[in-house]
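Here the structure comes first, spelled out in structure tokens, and everything after it is commentary.
Reminder, nothing fancy here: chain letters follow the sequence lines and each chain counts from 1.
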There are 2 protein chains.
Amino acid sequence: MSEQSARPVRRATIEDVARLAKVSKATVSRVFSRAAVVTEETRRTVLEAAVAAGYRPNGLAQALRRRSSRSIVVLVPDLANPFYPAIVHGIERRARALGYTILMGNTDADPEVEAAYLDLVRDGRADGMLLLTGRLPPGVAADDPDRPPIVLISEHLPGPQLPTVRIDNAAAAADMVRHLAALGHRRIGHVTGPPSRVLSRDRLAGYRRALAEAGLAFDPDLVAEGDFTFASGVAAGRLLLSLPDPPSAVFAANDESAVGVLRAARLQGLVVPGQLSIAGFDDIQLAEMSDPPITTVHQPRAELGAEAIGLLIRQLEAAEPAATEILLPTRLVLRDSTARPAEKPG
Amino acid sequence: MSEQSARPVRRATIEDVARLAKVSKATVSRVFSRAAVVTEETRRTVLEAAVAAGYRPNGLAQALRRRSSRSIVVLVPDLANPFYPAIVHGIERRARALGYTILMGNTDADPEVEAAYLDLVRDGRADGMLLLTGRLPPGVAADDPDRPPIVLISEHLPGPQLPTVRIDNAAAAADMVRHLAALGHRRIGHVTGPPSRVLSRDRLAGYRRALAEAGLAFDPDLVAEGDFTFASGVAAGRLLLSLPDPPSAVFAANDESAVGVLRAARLQGLVVPGQLSIAGFDDIQLAEMSDPPITTVHQPRAELGAEAIGLLIRQLEAAEPAATEILLPTRLVLRDSTARPAEKPG
DNA sequence: TTGTAGGCGTTATCAT
DNA sequence: ATGATAACGCCTACAA
């Protein structure tokens, strides 16, 4: 029985199955493209033949013929940034549920890399893009009717509306600052994100809005520029804490820089939250593992991803018109890094 | 000039270019498949025609015809675990340099998900797999001659040798314990990883080996089981620190659980490193951001990824025989969480 | 319900 | 060096 060991090198094709089942290629194809009209009996015959032949439809041939690869490119600036993986995870789960495959790209914010991934959709290997990069790849214009289907996540772009799934950053920031004010803080500092990003500007705007609402004057000295990194948080914290009249609370534009502020406070011998309250934004795991754990704004990151790919796929399949903007709700997570301010001595 | 605005809906194909350049499809193809013999003159003509037509080769058709997609599936158990992104990044950079595309999958250690990604290579959409999951997808046997090309990263499998790129975990663990012993510690605790993983067993073995070398007795009470999580580190730390004769140093099998031990020490009012030295493994960013920063074993993660995909691609292209095991060097990173033990009072 | 046949866009073989 | 042509494996009118 040498046949047993003589495995076919070539993978079985639709033709092999057709021959085995004594039907036409078309029928086999119909059995595998769900929802086609086939007798229950032939369906069974075909399925058996397929199993016997070890047949699996060739995804490339299907995609070529159907003119759709059912793949989506997801562009992330930096996967090592703990903010992103949860979003990607949400994307991936929903994608799989909908029968799509994800091609994930870590761009390092490098336009060349972005362009390389754009090629995948230009050359048919992907049907659309999900962008976490906060900008369009080079050569793509939002209002170009021939541009690839795109949905933005987390960061929206100024100018022509592109479908976007995000949170209301200004409102969420205002919530947090309102909370600090309610605790009794009168001097509330802010460590910003990189000013180039809409995100950072929105959060700063929310900070200012809540200050105004609380009847607190805006003091530019209390705003220190950061760039979302731990190191920038340390630097900004140092700056704020060395002020003649330092803040009793600091709201950082993300958790990583909040932990940086915490470090700066420690370096000056300050007790948190006893002498300084610190709040962050995003609710990444670091906020929880920090000592003390950081009060922060929770973003529903997996849901952001899931909604975004859902939107993109609907757009792709139903030719749904360029939809809008989806805003997902946030919530405050109160932990041990914030408390009422210390009473002024004297 | 209505032609200007009347963009073709259909993307240009090789035939359009051929017509424009007044050559055959074959010649156009040759121009785009590098290293083919074409006159410099016709090459220029074709290239010009291609630009004029806005032509890009269709990746699907190429892959179908060439029987190679130049794509690799990368399976990661949990992208949110900060250990993995750096490896993935190394993979991705090298892949792009070599002209390959990555299909990344987050499996959640779910066999169904692993199987779904395996289908991509079975159906031609990928040429091979890079596994960070520490195991083969269901239905794949290491010694099956028809199994897809696979390279393992970080975790090696017992049994039939599969190509693997990793570090020498036992040796690296031994290095760290040797360091602690050299500082003067006599009672060194260990928080393990999940015992099911070879990784954990290797690190434990290294711990024991270094102990023996230093002439220190192995005390089972000083070994607490963990699972690489922060919470398990806290629990294990509590356990070890509540011993009648507690350790003066703890070596945790990864950084996250080391930070857990740190938390446990703090909860008991211990000063680190004054009263307890703590060491971790992996050198993720958390180790640096922790307060105090954690002494740890550095793994060259990006290099692990780059080596692995290089190995896989060589295997794919040169039909290189099932290669071996590549071990990459580690190094100790000494930070503030370790110091000489406190002198015994009295 | 099932079969026939043509084509998706490319590359490889064989001529010329 | 270039051209004609037949696959690659599948899907989808259209016909039966």
Side-chain angles (χ1 to χ4, degrees), chain A residues 8-47 49-50 53-70 99 119-127, chain B residues 8-47 49-50 53-71 119-127:
Chain A
V9 173
R10 195 176 59 84
R11 213 165 279 307
T13 76
I14 220 175
E15 257 191 276
D16 304 321
V17 180
R19 203 174 308 121
L20 254 154
K22 297 195 207 310
V23 296
S24 71
K25 294 194 303 178
T27 301
V28 178
S29 173
R30 281 192 272 259
V31 168
F32 280 91
S33 355
R34 60 197 84 184
V37 276
V38 180
T39 312
E40 189 47 39
E41 193 188 334
T42 48
R43 147 171 269 108
R44 244 206 324 281
T45 322
V46 168
L47 252 20
Y55 170 74
R56 302 195 43 75
N58 180 312
L60 292 173
Q62 288 182 318
L64 178 60
R65 181 57 234 242
R66 292 178 172 157
R67 312 176 142 276
S68 152
S69 61
R70 297 179 75 85
D119 278 351
L120 292 180
V121 11
R122 289 215 198 284
D123 86 359
R125 289 195 281 170
D127 298 341
Chain B
V9 172
R10 195 175 59 84
R11 213 166 278 308
T13 77
I14 219 175
E15 257 190 275
D16 304 321
V17 180
R19 203 175 307 119
L20 254 154
K22 297 194 205 310
V23 296
S24 72
K25 294 194 304 179
T27 299
V28 178
S29 173
R30 280 191 273 258
V31 169
F32 281 91
S33 356
R34 59 197 89 181
V37 276
V38 180
T39 313
E40 190 47 41
E41 194 188 332
T42 47
R43 147 170 270 108
R44 244 206 323 280
T45 323
V46 168
L47 253 18
Y55 169 75
R56 302 194 43 74
N58 179 311
L60 292 173
Q62 288 183 319
L64 178 60
R65 182 61 234 233
R66 292 177 172 159
R67 312 177 139 275
S68 152
S69 61
R70 297 179 76 87
S71 303
D119 278 352
L120 292 180
V121 11
R122 289 214 198 285
D123 86 359
R125 289 194 283 171
D127 298 341

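As rounded to whole Å, 16 Å separates atom C1' of dG3(C) from atom NZ of Lys22(A). Rounded to whole angstrom, the span from the CZ atom of Arg66(A) across to the C1' atom of dA13(D) amounts to 16 Å. Rounded to whole Å, atom P of dC8(C) lies 8 Å from atom CD of Glu15(B). The CZ-P distance, from Arg44(B) to dA1(D), rounds to 16 Å in whole Å. Here dT10(C) presents its P atom at 12 Å from CG of Leu64(B), a figure rounded to the nearest Å. At whole-Å resolution of the value, CG in Asp16(A) and C1' in dC10(D) are 13 Å apart. In this structure, OH of Tyr55(A) is placed 10 Å from P of dG9(D), rounded to the nearest angstrom.
Of all nucleotides listed (dG9(D), dT10(C), dG3(D)), dT10(C) comes nearest to the side chain of Asn58(B).
Checking the phosphate oxygens (OP1, OP2) of dC8(D), no side-chain nitrogen or oxygen of Arg67(B) falls inside 4.0 Å. In terms of phosphate contacts, Gln62(A) brings a side-chain nitrogen or oxygen within less than 4.0 Å of OP1 or OP2 of dC11(D). Residue Thr39(A) has no polar side-chain atom (N or O) positioned under 4.0 Å from OP1 or OP2 of dT1(C). For Ser29(A) and dT12(D), the shortest distance from a side-chain N or O to OP1 or OP2 is not below 4.0 Å. The phosphate of dG9(C) (OP1 or OP2) has no side-chain N or O of Thr13(B) nearer than 4.0 angstrom. At dT2(D), one or more side-chain N or O atoms of Thr42(B) fall inside 4.0 Å of OP1 or OP2 (strictly under the cut-off). In terms of phosphate contacts, Thr27(B) brings a side-chain nitrogen or oxygen within less than 4.0 Å of OP1 or OP2 of dG3(D).
Using a 4.0 Å heavy-atom criterion, one finds that Ile14(A) contacts the sugar-phosphate atoms exclusively.
Taking only distance into account, the side chain of Arg65(A) meets the base of dC11(D) through a donor-acceptor pair shorter than 3.5 Å. Below the 3.5 angstrom threshold, one finds no donor paired with an acceptor across the side chain of Lys25(A) and the base of dT4(C). Side-chain N/O atoms of Arg30(A) and base N/O atoms of dG3(C) include a donor-acceptor pair closer than 3.5 Å.
Sequence order on DNA chain D of the closest nucleotides to Val23(B) and Pro57(A) puts Val23(B) first from the 5' end.
Taking 4.5 Å as the limit, every side-chain heavy atom of Val31(A) sits out of range of all side-chain heavy atoms of Thr42(A). Side-chain contact between Asp16(A) and Thr13(A) is present, with heavy atoms from C-beta onward closer than 4.5 Å. Side-chain contact between Val23(B) and Val28(B) is present, with at least one heavy-atom pair separated by less than 4.5 Å.
Side-chain atoms of Ser29(B) do not come within 3.5 Å of backbone N or O of Lys25(B) as any donor-acceptor pair.
Only one option out of Thr39(A), Val46(A), Thr45(A), Leu47(A) pairs with Arg43(A) in a side-chain contact (heavy atoms from CB on, under 4.5 Å); it is Leu47(A).
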